[in-house]
Amino acid sequence: MKFDYDVIVIGGGHAGCEAAAASAKMGARTCLITMDMNKIGQMSCNPAVGGIAKGQIVREIDALGGHMGIVTDRTAIQFRMLNRSKGPAMWSPRAQCDRGKFIWAWREILENTPNLQIWQDQVKELLAEHGEVVGVKTYFDVVFKARCVILTTGTFLNGLMHIGHTQLPGGRVAEPASYHLTESIVRHGITAGRMKTGTPVRIDGRSVHFDEMERQDGEQDYHKFSFIGDYRKLKQLPCWTCYTNPDVHDMLRSGLPDSPLYNGQIQSIGPRYCPSIETKLVTFPDRDRHQLFLEPEGESTQEYYLNGFSSSLPLHVQIDALKRIPAFRDLAVYRPGYAIEYDFFDPTQLKHTLESKIISGLFMAGQVNGTTGYEEAGGQGIVAGLNAALKCSGSEPFIMHRDESNIGVLIDDLVTKGVDEPYRMFTSRAEYRILLRQDDADARLTERSYQLGLATRERYDYWLSKKEGIRRIVDFCCEFSLKPALINPALESLSTTPLKYGCKLFELINRPQITVKNIAEHIEPLQTILDSFSDRREEITEAAEIQMKYHGYIARERIIADKMQRLENIKIKGKFDYRNMNSLSTEARQKLEKINPKTLAQAGRIPGVSPSDINVLLVLLGR
């Protein structure tokens with residue numbers, strides 16, 4: 001066995017799995033180093049995938065040829081499409097998964113991926129010479145040589161867990177932390193910091209009075225995560241909801257002096273959009289209740305995850321507080337919630353490829369970049385894996401722009417703005433979210449990924465088939481003329497205004513009461529087209545309908561995005577000595593020198609760089 005590879009991936013979490021698979025599928029000899037092969041793809045917190053903007057990211061990973069969507073569909077025990085009452089730009093898929101089956105589905109994929117080897121060990125040192133990666137050294141004192149290294153260590157770097165005053169070293173419960181690796185990276189001039197996250201109590205379902213909770217069932221329609229994967233096969237289970245009450249809050253407040261978040265024990269910043277229950281009490285003191293979601297961890301296990309009750313309070317405070325909720329009066333738990341602090345690296349030190357600006361060949365993805373969430377990690381992982389493989393082959397890098405994907409927005413935010421708290425993706429962060437819907441990720445990304453060599457021919461052909469189906473529906477609706485006498489009875493049955501004059505079917509589709517499916521029942525040629533799609537009818541029909549109903553909004557946003565793209569095409573990296581440019585504000589000089597943006601558009605997104613600063617740069621460029 002030769003310990004010599006093109007790409008080494010450190011860490012077998014969601015970023016590491018996608019990075020290793022992408023790198024290997026691109027033809028790079030890849031080794032994934034993980035401390036426990038039985039925890040590959042472990043869902044350290046909630047065993048759920050997707051949600052607002054996160055679901056869009058998973059669809060993009062799938063469209064690129066990644067595996068998170070396939071694994072999620074294969075192991076899902078509940079699926080829902082969130083925000084269906086809003087426009088399609090806001091629709092976001094989410095699935096509860098079987099934690100154990102998720103791990104083994106990932107391991108099956110990785111162990112059968114050509115060019116990919118797995119090594120069970122811990123990396124303790126990054127090896128670099130003359131500003132370039134040369135390999136890593138492990139706790140087994142094995143030296144791996146590599147042309148590129150991808151760091152995806154999650155919360156394990158100098159990880160420290162907190163439960164009340166109790167502090168335990170570890171990357172997550174019952175697993176050791178990773179030491180020395182941070183120090184071996186920092187000595188090369190890379191800046192590190194500390195962040196915090198947390199997880200809630202895990203509950204024994206046999207102790208819960210489900211009859212005193214509200215049942216929340218999933219959806220059984222055709223929607224899923226992967227464009228090409230199998231439909232959900234596992235037993236579908238409900239989630240449950242309940243609320244805290246003033247008695248619960250009184251008990252929790254009594255424990256605040258012992259909370260690591262408020263007694264000075266934890267100094268680092270936690271995720272704003274996933275606050276602990278004690279943070280909710282302090283931030284919203286007038287609220288007399290907070291909603292909790294009890295979610296199953298597996299198809300046959302009794303373990304439940306209590307979403308909304310993340311906490312690092314002492315164990316007895318957590319349990320005593322929960323027992324004051326009627327449904328939990330006989331509560332039994334498997335383990336308490338806890339907080340964890342860990343090292344991360346300032347992402348402004350990275351290029352848009354996620355390669356370090358300081359150490360050539362070092363890529364970073366996931367929580368080490370200051371993000372939170374499996375989906376954000378997976379999106380970064382596939383980009384890092386792609387670019388590491390491309391670097392090894394001497395090819396041009398792969399960069400996604402803000403109008404091309406939510407992953408592109410995520411990465412641009414990280415490397416341009418940096419983070420002062422764990423970053424979470426939302427649709428509101430994307431200024432072109434009408435272009436970045438969950439339904440059209442394949443339209444945006446699959447062809448480009450196929451040209452790079454990541455997406456398979458099967459996936460590409462699947463997209464071409466869907467593309468042709470959408471074109472057939474849209475063309476028919478644009479060309480088919482309607483006469484009032486023939487269509488008005490149908491319109492009246494659909495509770496919409498009858499026509500006074502003839503029109504094209506396309507115009508009728510824009511009415512809120514009209515869908516392609518319900519109008520096709522009255523237009524035989526259209527119904528024939530839909531029937532020809534067999535098992536993909538709903539997917540293709542929905543995509544075509546969204547294109548027609550929102551064509552005006554989509555076209556307008558495309559025009560805006562194209563205008564902004566002109567600034568993306570103005571390259572400024574290496575053209576200015578920002579430190580000595582007195583015509584810029586002091587803050588702008590400092591920020592521009594630190595980030596060293598590649599384009600004028602990126603410079604404009606840096607906090608502290610004003611429009612007048614951009615005008616100065618334009619004048620100096622002679623534009």
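Under the 4.5 Å side-chain criterion, counting only non-hydrogen atoms from C-beta, Pro498 is in contact with Glu492. Side-chain contact between Leu294 and Tyr305: absent, with no pair of heavy atoms (C-beta onward) separated by less than 4.5 Å. Counting heavy atoms from C-beta outward, Leu322 and Phe309 have side chains that approach closer than 4.5 Å. In this structure, the side chains of Gln380 and Leu414 come closer than 4.5 Å at one or more pairs of heavy atoms. Asp217 places none of its side-chain heavy atoms less than 4.5 Å from the side chain of Gln220. Residues Ile487 and Leu508 are in side-chain contact: their nearest non-hydrogen atoms beyond the backbone lie under 4.5 Å apart.
Scanning all heavy atoms of the two residues, the minimum distance from Ser493 to Ala490 falls at OG-O, 2.6 Å. Between Asp98 and Gly298, the shortest heavy-atom contact is OD2-CA, 3.4 Å. Closest approach of Asn369 to Phe344, counting heavy atoms only: C-CD1, 4.4 Å. Nearest heavy atom pair, residue Gly198 against residue Cys45, reads O-SG, 3.9 Å. What you find for Ile470 and Ala543 is that their closest heavy atoms are CD1-CB, 3.6 Å.
No more than 12 heavy atoms of other residues, nucleotides or ligands lie within 6.0 Å of CD in Glu214, so this atom counts as exposed by the packing criterion. Remark: Glu458 CD is loosely packed, at most 12 non-hydrogen atoms of other residues, nucleotides or ligands lying under 6.0 Å away. The environment of NZ in Lys466 is crowded: more than 12 heavy-atom neighbours from other residues, nucleotides or ligands sit within 6.0 Å. Counting non-hydrogen atoms of other residues, nucleotides and ligands closer than 6.0 Å to CZ of Arg556 gives a total of 12 or fewer. Within 6.0 Å of atom CZ in Arg272, 12 or fewer heavy atoms from other residues, nucleotides or ligands are found, so the atom counts as exposed in its surroundings. Other residues, nucleotides and ligands contribute over 12 non-hydrogen atoms within 6.0 Å of the OH atom of Tyr222. By the 6.0 Å contact criterion, NZ on Lys280 is enclosed, its count of non-hydrogen atoms from other residues, nucleotides or ligands being greater than 12.
A donor-acceptor contact shorter than 3.5 Å links the side chain of Asn245 to the backbone of Val248. Formation of a donor-acceptor pair under 3.5 Å by the Glu18 side chain with backbone atoms of Ala384 is not found in this model. Distance alone, capped at 3.5 Å, places no donor-acceptor pair between the Ser465 side chain and the Asp461 backbone. In this structure, Gln513 contributes its side chain and Leu494 its backbone to no donor-acceptor pair below 3.5 Å. Using modelled atom types, no side-chain atom of Thr372 and backbone atom of Gly370 make a donor-acceptor pair closer than 3.5 Å. Between the side chain of His551 and the main chain of Met548, a donor-acceptor pair closer than 3.5 Å is present. The backbone N or O of His223 lies less than 3.5 Å from a partner atom in the side chain of Asp221, making a donor-acceptor pair. Judged purely by atom type and a 3.5 angstrom limit, Glu545 has no side-chain atom pairing as donor or acceptor with the backbone of Thr541. The closest donor-acceptor contact from the side chain of Thr371 to the backbone of Gly366 lies under 3.5 Å. Between the side chain of Arg459 and the main chain of Asp442, no donor-acceptor pair closer than 3.5 Å is present.
Note: Leu530 CG to Ile540 CD1 = 9.5 Å, rounded to the nearest 0.5 Å. In this structure, CD1 on Ile52 lies 13.5 Å from OH on Tyr273, to the nearest 0.5 angstrom. Rounding to the nearest 0.5 Å places CD of Glu299 at 13.5 Å from CD of Gln78. Here the OG1 atom belonging to Thr416 is positioned 11.0 Å from the CD1 atom belonging to Ile411, to the nearest 0.5 angstrom. Atom CG in Asn83 sits 4.5 Å away from atom NZ in Lys86 (nearest 0.5 Å). With rounding to the nearest 0.5 angstrom, the OH atom of Tyr374 is 9.5 Å from the SG atom of Cys97.
Remark: the His352 side chain and the Asp412 side chain contain an N/O donor-acceptor pair separated by less than 3.5 Å. Judged purely by distance below 3.5 Å, without hydrogens or angles, the side chains of Gln56 and Thr427 never pair a donor atom with an acceptor atom. Side-chain contact of Asp403 with His401: a donor-acceptor pair under 3.5 Å is absent, judged by distance alone. Inspection of the Ser226 and Asp73 side chains reveals no N or O donor paired with an N or O acceptor under 3.5 Å. Side-chain polar atoms of Thr244 and Arg289 form no donor-acceptor pair below 3.5 angstrom. Counted by atom type alone, Thr446 and Ser449 present zero donor-acceptor pairs between their side chains at under 3.5 Å. Checked by atom type, the side-chain pair Glu376/His14 shows no donor-acceptor distance below 3.5 Å. For the residue pair Thr348 / Asp346, a side-chain donor-acceptor distance below 3.5 Å is found, with atom types taken as modelled. With no hydrogens or angles considered, a side-chain donor-acceptor pair links Ser311 and Glu278 at under 3.5 Å.
Taking the centre and axis of the six-membered ring of Phe79, the NZ or CZ atom of Arg232 falls inside the cone set by 45° and 6.0 Å. In this structure, Arg59 is positioned above the aromatic face of Phe227, its NZ or CZ under 6.0 Å from the six-membered ring centre and within 45° of the axis. Tyr231 does not carry Arg74 over the face of its six-membered ring by the limits of under 6.0 Å from the centre and within 45° of the normal. A cation-pi arrangement, defined by a distance under 6.0 Å to the six-membered ring centre and an angle within 45 degrees of its axis, is present between Arg429 and Tyr423. Cation-pi contact between Arg437 and Trp91: absent, since separation from the ring centre below 6.0 Å together with deviation from the ring axis within 45° is not met.
With respect to Glu507 and Lys504, no salt bridge is recorded, no charged nitrogen being found less than 4.0 Å from a carboxylate O. Ion pairing of Glu404 with Arg448 is present here, as a side-chain N (NZ or NE/NH1/NH2) and a carboxylate O approach within less than 4.0 Å. The pair Glu375-Arg424 fails the salt-bridge criterion, with no side-chain N (NZ, NE, NH1 or NH2) lying under 4.0 Å from an Asp/Glu carboxylate O. Arg472 and Asp475 are not joined by a salt bridge, as no carboxylate oxygen comes within less than 4.0 angstrom of a charged side-chain nitrogen.
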Start with the C-alpha gap between Asn46 and Gln96, add the side-chain angles, then the distance that decides, and say whether side chain to side chain donor-acceptor pair (under 3.5 Å) holds.
CA-CA 8 Å; Asn46 192 352; Gln96 201 73 20; 2.9 Å; yes
Show your working on salt bridge (charged side-chain N to carboxylate O under 4.0 Å, His left out) between Arg94 and Glu295 and close with a plain yes or no.
CA-CA 13 Å; Arg94 182 188 187 274; Glu295 301 169 331; 3.3 Å; yes
Yes or no on side chain to side chain donor-acceptor pair (under 3.5 Å) for Thr528 and Asp531, after CA distance, side-chain angles and deciding distance?
CA-CA 5 Å; Thr528 300; Asp531 290 342; 5.7 Å; no
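Residue Glu568 forms a salt bridge (charged side-chain N to carboxylate O under 4.0 Å, His left out) with just one option from Lys563, Arg605, Arg402, and that option is Arg605. Paired with Asn406 under the rule side-chain hydrogen bond (donor to acceptor under 3.5 Å, both in side chains), one option of Gln438, Glu60, Lys54 passes, and it is Glu60.
Annotation: Phe480 is not in aromatic contact with Phe506 [ring centroid separation under 6.0 Å not met]. Ring to ring, Phe210 and Tyr304 are close: their centroids are under 6.0 angstrom apart.
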